[in-house]
Each structure stands twice: as C-alpha cells, then as structure tokens.
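Below is one structure, written out as structure tokens, with a few remarks after it.
A note on names: the letters A, B, ... follow the listed sequences, proteins ahead of strands, and every chain is numbered from 1.
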Amino acid sequence: MTCGDARAEHIGSTVVLNGWVHRRRDLGGLIFIDLRDRYGMTQVVFNPQEKPELFAQAEKLRSEFVISVTGLVRERPEGAHNANIATGDVEVAVNELEILNTCKTPPIQVADNSSVDESLRLKFRFLDLRRSRMQENLILRHKMAKATRDFLDKEGFLEIETPMLVSATPEGARDFLVPSRLSPGKFYALPQSPQIFKQILMVSGFDKYFQIARCFRDEDLRADRQPEFTQIDMEMSFVSRDDVLGVSERLMQYVFKTVMNIDIPVPFHRMSWEESMNRFGNDKPDTRFGMEIIDVTEHVKNTEFQAFNDAIGSGGAVRGIVLPGCAGYSRKQLDELTEFAKKAGAKGILSAALKEDGEFKSVLSKYLSPEQIAELKTAFGAKDGDLLAIMAGEAMFISAILGKLRLEMGKRLNLIDKGKFNFLYVVDFPMYKYNEEEKRLETEHHPFTSPKPEDMHLLETEPLKVKADAYDMVLNGNEVASGSIRIHSRDLQKRVFNAIGISDEEAEEKFGFLLNTFEYGAPPHGGIAPGLDRIAAIAAGEETIRDVIAFPKNTGGDCLMTGAPIAVESDQLKILKLKVEG
RNA sequence: GGAGGCGUGGUCUAGCGGUUUAGGACGUCGGCCUGUCACGCCGAAGAUCGCGGGUUCGAAUCCCGUCGCCCCCGCCA
C-alpha cells in the first residue's frame with residue numbers, strides 16, 4: 001500500500017507503508033507522523049500505551065527520515081477526521097517501525113511550500129523535487145507526454161527515434177559540438193531539432209511520424225529557454241497546411257481534456273502574421289485581453305501637428321492604444337510610460353488624457369481642432385476616463401513598441417485572466433528577413449520551409465515580399481509550436497538557398513544528402529513541433545519552464561546540482577586531439 | 001554584447017544614515033503536553049548584513065568595483 005491509498009474500506013487490515021517523514025507532531029504522550037510518498041500522505045500514530053517499546057524510537061524521528069511502518073488501519077476518533085487529505089478518515093496505528101535512513105536537517109523545507117531561492121532549489125534539486133509543487137508538475141508533464149503518445153498513436157503516427165550525434169548546420173542557432181575520437185579534428189553536433197531526419201523519413205514513406213525529441217541550442221537562456229528542451233516533433237506527408245494545423249489543434253484539445261479536463265475549442269483562430277503585427281505588435285499575440293493597437297493615420301492626416309505630419313509624410317503611421325481608466329495618471333506615471341517606451345527604443349510617446357469632465361488633456365489640443373479631437377476619440381473607441389498612448393513613425397517599429405507597452409499595461413492593470421488558455425495560429429509568415437549585421441537575407445523560419453505557391457515568382461525579384469507556408473501556434477502570448485510545409489523539390493530548395501547566400505556548392509556539401517532524396521521520390525510534406533516544456537509550464541501555471549524540468553540549467557547554463565559544465569582531464573582532451581586555449 | 005532588479009542566522013524576510021545589543025516567522029536544539037494534523041506552550045542556540053574599497057564622527061543602509069542569482073533586449077533557422 002502507498003501513503004495515498006488508505007481509506008475507510010481498509011479499516012481493520014494490517015498494512016506496510018514506506019515513505020518519508022513529512023511532519024511530526026509530538027504531543028508528549030502521543031506522536032503523529034504524516035508519512036509521505038508520491039501518492040499522498042497518511043497519518044501514522046505511535047501510542048506508548050499500545051507499544052511502549054516503539055515510542056522511544058518514534059521520538060527520534062525527524063523530517064525526511066525514510067521509514068517503514070507496519071500497522072493497523074483504523075478509523076480516526078470522532079471529530080479527528082481530516083477532510084484536507086484523501087486518507088483523512090483513517091490512520092495507521094504502528095506495530096513495527098524500521099528507520100530505513102536518517103536525514104540531516106534539510107536546507108530546504110520539503111513540507112511547506114514557502115518560496116526558496118532558486119539557486120538553492122537547483123543545488124538541492126533532489127529535495128526540491130520532493131515538494132508537492134514539483135511532484136505535481138512532473139506528474140502533469142508525464143500525463144501530457146502520455147496523452148500525446150496516445151493521441152498520435154490513435155491518429156496513425158509512428159514514434160521513430162533519430163540520432164543525437166548529427167552534423168553541424170550553417171543556419172540557425174549555435175550548435176553544441178561533440179568532438180569525434182575516431183575522426184580527430186572533426187565534430188558531431190547535437191541536433192537543434194530532428195528537422196532533416198524527419199523530412200527524410202517522409203521520403204522513406206513513414207507518412208506520419210512523431211517523436212518526443214530532445215533538442216539542443218547553444219544560445220542565451222531565458223525563463224522559457226533552456227539549452228536542451230523537448231519538442232513534440234511531428235511530420236506528415238501529402239498534407240496541406242490545414243491538415244497539419246488540424247491535427248495539432250486536436251492534439252492540444254485531447255491533451256488538455258485528458259490531463260486537466262479543460263475544454264479547448266477547435267478550430268483555433270488563424271491570424272495572418274501581418275494582422276498580428278498590426279493589431280498586437282508581435283507575432284505571438286496574447287488575446288486574453290483587449291487594448292489592441294489602433295491605427296489612426298487616416299484620422300490625423302490634416303492636423304497641424306508636426307510629428308504626425310513628418311511620420312505620415314515619410315510613409316509612416318500614427319498608432320496607439322487605449323489605457324482604460326488611466327486618464328488620472330500623474331505626471332510621474334506618464335513619465336514612466338515614456339521611460340518604458342524609450343527603453344523599448346522609441347523616441348517618445350504622446351499621451352492624451354480623456355478627463356471625466358470631457359477635457360482633452362494633451363499637447364495635441366493645441367494642434368488639433370475640436371472636430372479632429374472628436375474624430376480621434378471615435379477612432380480609438382475611447383471613453384472619458386481613458387488615456388491614449390500614441391506614437392508616430394514607421395508602422396512596424398511603433399507597433400512593436402506599442403505591443404510591448406500593451407503587454408506591460410495588461411499586467412499592471414490586471415487585465416489578464418489567468419484561468420484562460422487562449423490558443424491561436426499565426427500563419428503566412430514572411431519567408432525572409434533582412435539581417436542588418438550580416439547585410440544579407442535569412443529565412444524567418446528555416447531554409448526547408450516552402451514559400452506560398454502564389455509568391456514563388458517573387459523569390460528572386462522581391463524576396464522580402466514572399467510569404468512562407470509557415471505557422472506558429474500561440475498560447476496566451478507564448479509561441480508554443482512552430483512548423484511549415486516543406487520544400488520537396490530540389491530546384492525550389494536551390495532557389496531558396498541562393499536567396500540567403502548559400503551557394504550551390506555549399507548546399508551540395510552541407511545538405512547534399514537531403515537534396516538527393518528530393519530526386520528519389522520525395523512526397524510533399526509538412527509538420528509542426530509543439531514545445532512540451534512551454535506548454536507544460538503554462539498548463540501548470542508556472543512562470544518558467546525550469547519548473548517543469550526535473551534537472552534544468554540556470555540562466556548561466558550551469559547545472560547547480562552536478563556542477564556541469566566542468567573542465568575535463570587533459571588525458572580526455574589528448575585522446576580527442578584537442579587543446580584548450582588560455 | 002547591452003539595460004535593470006536582488007543578495008540580512010539553515011530558510012523566507014523586516015530594517016534602507018544614528019532609537020539596532022540587526023527585529024519577526026519557519027526550521028533546529030532542550031523542557032512540558034494523550035487526539036494532533038501549519039499541534040500548542042516555555043526556553044535556547046544560531047548573522048564577519050555576498051565580497052573588496054570609498055564617503056561619513058557614524059554604513060546592513062549612500063557611492064564605486066567585484067562575485068552570484070533572476071528578469072528583459074540582442075541572440076534563439
């Protein structure tokens with residue numbers, strides 16, 4: 001029996017319970033121990049009148065001792081039932097006690113859920129993982145992975161493993177390199193994703209593939225980014241975009257229903273990248289609250305306000321958001337808004353308070369006629385009591401800043417309903433973006449993504465106008481999956497590589513094996529890869545994916561428990577024919 | 001690479017230029033307690049206020065540097 005099982009139906013039976021001492025309540029003449037394992041908690045009782053010889057031993061028990069008790073399940077006395085725990089109607093009167101192991105005073109208290117410095121939690125992760133919050137998180141994660149396998153199996157997907165020792169790729173994130181002993185001076189890379197292998201599996205005829213795959217990227221860490229993370233990697237042949245989106249939204253629906261009994265409506269809303277950028281200022285809109293970006297360019301075309309005219313004259317826009325109920329903001333609060341915008345890269349922000357008494361308090365009142373002000377209010381859909389935050393400039397630039405302001409104010413004004421799970425798809429991403437530093441084009445998604453058929457003719461002439469058949473799944477303002485319809489024609493793949501400066505020779509050298517497969521009957525295919533860590537973290541209500549990963553790295557990339565990464569013996573380097581500089 | 005925040009007994013924190021002999025809670029240790037369940041009551045131990053330097057009559061408190069951690073931008077096909 002586990003510590004979570006005991007019920008009234010077991011009264012009268014003798015059981016053995018193994019677990020950790022969660023809490024001890026020593027009443028002097030009576031000792032209660034809450035005995036804990038991952039299934040739950042059971043109160044066990046030591047009574048000196050019933051078992052005097054055990055009592056002395058029981059007095060030595062301390063937090064987190066590992067014990068085994070044998071005893072009789074009995075009903076608790078009248079009035080001593082505990083409705084807070086599942087086993088609260090009964091207790092175990094101990095007849096035998098074995099202390100299997102003692103425990104030093106733990107640096108983290110397991111029994112309470114008080115906050116503890118994360119470094120300490122990571123250093124003593126084995127204790128942190130005993131706490132109910134982390135136990136629940138890892139159980140939730142397991143259930144999500146299990147539901148994923150069940151669903152995809154039912155849908156006819158095959159789970160196929162791909163190598164962890166792969167080739168480095170020229171595009172994308174920095175690779176983690178693994179030196180080869182058998183080929184001195186050469187390196188494997190850990191996979192950034194199983195991308196190429198899953199595409200080749202399509203060519204091989206495994207038309208529905210998935211893998212709960214570990215991926216590695218050597219980039220800076222964040223609350224939602226670890227150097228190794230887990231994707232539900234999926235790929236399908238003979239599919240259109242909507243087939244892929246359909247399967248993955250049903251996967252999410254199934255997982256949330258099965259694991260948490262939460263109903264997620266499908267189909268998810270599909271929003272174009274352009275619409276998302278315009279309405280929310282980013283490509284992962286948080287639709288749990290309004291306060292959307294509104295374009296008022298058309299309504300302020302004929303004002304005397306220089307900043308508007310300059311922006312509009314140079315092809316820019318005037319846009320803003322409505323901060324509900326913020327008309328009473330003090331000078332200091334308004335300065336904070338400006339400061340926030342400046343930190344985000346803006347020159348400034350223009351505010352206009354719609355006072356309750358009808359006053360339009362803003363520098364704009366000097367330059368706009370009463371009719372123009374009225375038109376502006378209508379365009380924003382603002383009420384008295386609201387505050388307008390307005391910016392003028394290049395449309396995408398100001399939208400990005402307004403988008404950040406929107407998120408910040410959404411938090412500050414408490415507009416976000418934490419109980420919501422708002423899924424949507426963002427589709428029709430641009431194929432390329434311009435890299436200012438390297439003065440060249442790069443792919444927005446990855447170079448195996450197919451352009452939308454109707455834009456193919458622009459690949460060489462106006463590449464920045466080409467839309468890709470790429471899509472992201474967004475949950476509560478987080479990118480939780482990304483995918484695309486892939487290229488399966490050697491000629492098209494070559495054109496896409498050329499646009500980002502990968503020559504035919506380099507393409508042949510780095511991706512020749514993939515290009516070759518395209519000449520041996522590659523079917524049209526596409527896929528998507530939901531991020532298990534992020535989805536689990538959001539489902540668990542956690543702020544960071546570290547809280548749904550058993551042994552994560554800190555933001556410096558260190559494992560505080562094992563000390564990794566560490567220096568290695570020079571012998572190890574010698575075998576690999578490596579030298580460390582400095 | 002850049003911006004910001006935090007660092008006080010084992011843990012979480014209060015104090016933010018003098019009222020501090022650095023306060024509280026949890027934990028730990030000792031005593032009392034036979035129906036507790038965040039048990040209760042009494043008592044005790046436990047802190048070079050991350051580290052180094054400076055300003056000052058006086059620094060946990062202000063300044064500079066440094067280390068550690070967190071968050072954000074860049075980066076993350």
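- Ring to ring, A/Phe32 and A/Phe46 are not that close: their centroids are 6.0 angstrom or more apart.
- When each of A/Glu171 and A/Leu560 is assigned the nucleotide of RNA chain B bearing its nearest heavy atom, the one mapping closer to the 5' terminus is A/Leu560.
- If you check distances only, the side chain of A/Arg217 never reaches the base of B/rC76 with a donor-acceptor pair under 3.5 Å.
- Only the C1' atoms considered, B/rC6 is 15 Å distant from B/rC72, to the nearest whole Å.
- Side-chain N/O atoms of A/Arg222 include one lying less than 4.0 angstrom from OP1 or OP2 on B/rC73.
- Here the side chain of A/Asp220 is nearest to one of B/rC37, B/rC71, B/rG74, namely B/rG74.
- In terms of polar N and O atoms assigned as donor or acceptor, the side chain of A/Asp117 never comes within less than 3.5 Å of the base of B/rG7 in a complementary pairing.
- Between the side chain of A/Arg546 and the base of B/rC70, no donor-acceptor pair of N or O atoms lies under 3.5 Å.
- Among the candidates A/Arg130, A/Arg133, A/Arg131, the single residue satisfying the salt bridge (Lys or Arg N to Asp or Glu O under 4.0 Å) test with A/Asp112 is A/Arg131.
- Among the nucleotides B/rC37, B/rC29, B/rC75, the one closest to the side chain of A/Arg62 is B/rC29.
- Side-chain atoms of A/Arg24 stay outside donor-acceptor range of the base of B/rG27, with no qualifying N/O pair under 3.5 Å.
- Side chain of A/Thr87 to main chain of A/Met41: a donor-acceptor pair is present (N/O by atom type, distance under 3.5 Å, no hydrogens or angles).
- Looking at heavy-atom distances under 4.0 Å, A/Arg74 makes contact with a base.
- Closest to the side chain of A/Leu27, out of B/rU36, B/rC71, B/rG10, is B/rU36.
- The base of B/rC37 lies close enough to the side chain of A/Arg76 for a donor and an acceptor atom to sit less than 3.5 Å apart.
- Residue-level contact check: A/Glu444 touches the backbone only, with heavy atoms under 4.0 Å from sugar-phosphate atoms and none from bases.
- Rounded to whole angstrom, the span from the CD1 atom of A/Ile31 across to the C1' atom of B/rG40 amounts to 15 Å.
- Checking B/rU36, B/rC12, B/rC76 against the side-chain heavy atoms of A/Glu219 singles out B/rC76 as nearest.
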